[in-house]
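This structure is a prediction, so every number in the text was calculated from the model and none was measured. Protein chains get the first letters and strands the later ones, always in sequence-line order, with residue 1 at the start of each.
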Number of protein chains: 2
Amino acid sequence: MSDQKINHDTRERILDVAERLFMARGYEGTSMRMITAGAEVNLAAVNYHFGSKEALLREVFRRRLGWLNRERLQVLDALEAEAAGVPLKPSQILEAFFGTLLRIGEDSSLGGMTFLRLLGRTLTEPAEFIRTFFASEYAEVIERYKQALFRALPDVPKAEIVWRLHFMLGAMSYAIAGTDVLRVVTGCELGDLAGEGAADGVDDPALARRLAQRLMPFLLGGLRAPLPSGLESQPSSLTSSSEGDAQDQTSNHLQEKQS
Amino acid sequence: MSDQKINHDTRERILDVAERLFMARGYEGTSMRMITAGAEVNLAAVNYHFGSKEALLREVFRRRLGWLNRERLQVLDALEAEAAGVPLKPSQILEAFFGTLLRIGEDSSLGGMTFLRLLGRTLTEPAEFIRTFFASEYAEVIERYKQALFRALPDVPKAEIVWRLHFMLGAMSYAIAGTDVLRVVTGCELGDLAGEGAADGVDDPALARRLAQRLMPFLLGGLRAPLPSGLESQPSSLTSSSEGDAQDQTSNHLQEKQS
DNA sequence: CTAACATTCAAACGAACGTTTGAACGAGAC
DNA sequence: GTCTCGTTCAAACGTTCGTTTGAATGTTAG
């Protein structure tokens, strides 16, 4: 078992190029010939090293998601250990979840903005095997953070928390991936958008920091918004089961006390 | 110019099937043979009636976006006329923008949930011509609502408003399109999620209503969240130009007074 | 009837797709 | 030297892609 990294040069070069191309053109929009040409390797190299195009995509993500999942669980563990039984504040949980993610964008050895944008965009890829893969990769972490949010907001219906977690994931995913729609929104008249276009453009690692700074307050505001009013007066079987608890509040159970 | 709807049967059937398939499998993942087989027309029919696959996709959207753009402008016009110079409340603007959109999901003649999900998913399609098309289709409406938000929140930096508009678009797009990630989030332990799975599943028009009810408070909460703290102390040239105004606030300029 | 027209059809086009093959290469062990 | 083994290579595999063609069809007008 000396060192098995005899020829990881080709492998890594393929992974790097695939990561960039999948980000820019999507899975179906990227051909093996684009990848191998970009990596300056033979066409057969992908199938030799990874087996198939699908397996290549999985490996592109596995290379990065290991760190992300580990770090997210670790940060949450540390927070909960430090709290010693006291429920965490929602802001702490969001910071752990989204802050850890956005740190990827600042560190090119973790994938940088390229992988961050790939991650955001791939969550909406329609291909079946991609969604299956992500479901299995994310399941444990999502579950842990969901439970943490349940404990942090005991008076909020769990279904509401799940919805809002979903909304937050969407805002983040979209914010990361959608440089184009952002340009549509901004470009109409406001081309300067606080540093956009400065430095290295969309690959600027500082962009991740700025993004986090903007995104976190938005997410927290959304998570702690007042509950929808007509929630309990829904006509049909809105509450199918196990939802009879704590559904009759109207406003500020969501305020976390400012420390 | 008698009536030019001699044979819109084939056209409409193709558009319906294409809409559904583009939603389920994406643009690149949908072949002309799937479309024509599903619509039970000849393979050449698409090229005969629409010219190309790209033109077909554009027509799929044009068929629906006309109403949406018209309605959105009209609702905003009505609101501003009624207000007679007084700035609108953010909640009114969001209701006009997102409420109009979500109404599509309740009305199958406007496209229903199928088109709504297609719309959400297509915003993140990587193909160049799709983004170009959307940019031109959305530009006017986005600009109008952006300006309305600027007037509604005069003390908030414009760049911040643009960012948050972007976040809101993302949360909505994702919430609509992402039934799968939602299932990952929910399916872990909470399979009942307040009516999910009831009635006709994801195509249930009532889902749009429930979604709107959940989404609007979240978006409002995010839009009116406190501004990020370290905004003005950014090291590099964060404010490149025309951003010297009203950037030094910290908290509650965003509260709209409750009426 | 015929002529003109819009539409449908089966068949084929060339290009691009992911994958496989079998020979060639090159370093290390014996 | 030879043999081995991991890797690279050019070439081809069979399939599917979007598009085009030209004849067949049905409808309408003169």
Inset, instruction - Round to a whole Å and report the spacing from NE2 of B/His49 to P of D/dT19. - result: 15 Å
Inset, instruction - Starting from the first five and the last five pairs of the helix from C/dA4-D/dT27 to C/dC30-D/dG1, work out the angle between the resulting helix axes, to 10 degrees. - result: 10°
Legend entry - Note: B/Glu106-B/Arg103 ion pair, threshold 4.0 Å (strictly below): no
Legend entry - Any A/Thr10 side-chain N or O less than 4.0 Å from OP1/OP2 of D/dT7: no
Legend entry - Atom-pair distance (CZ on B/Phe50; P on C/dT8), nearest Å: 11 Å
Legend entry - Over all atoms of both residues, closest heavy-atom pair of B/Thr114 and B/Arg20: CG2-CA, 3.9 Å
Inset, instruction - Please indicate whether B/Arg58 has more than 12 foreign heavy atoms, meaning atoms of other residues, nucleotides or ligands, lying under 6.0 Å from its CZ. - result: yes
Legend entry - ring pair (Phe, Tyr, Trp, His ring centres under 6.0 Å) between A/Phe61 and A/Phe22, intermediate numbers included: CA-CA 11 Å; A/Phe61 281 100; A/Phe22 285 151; 8.1 Å; no
Legend entry - Gap separating the CG atom of B/Leu43 from the CE atom of B/Met32, nearest 0.5 angstrom: 7.5 Å
Inset, instruction - Kindly check if the number of other-residue, nucleotide or ligand heavy atoms within 6.0 Å of CD (A/Glu140) is above 12? - result: no
Legend entry - Letter per nucleotide, 5' to 3', of nucleotides 12-26 of chain C [B base touched, S only sugar-phosphate touched, - untouched; heavy atoms, 4.0 Å]: B----BBBBB-----
Legend entry - Whole-Å distance separating the CG atom of A/Asp9 from the P atom of D/dT7: 12 Å
Legend entry - Heavy-atom pair with the smallest gap, counting every atom of A/Ala171 and A/Leu219: CB-CD2, 4.0 Å
Inset, instruction - Classify the ring geometry between A/Trp163 and A/His166 as parallel (under 30°), tilted (30 to 60°) or perpendicular (over 60°). - result: perpendicular
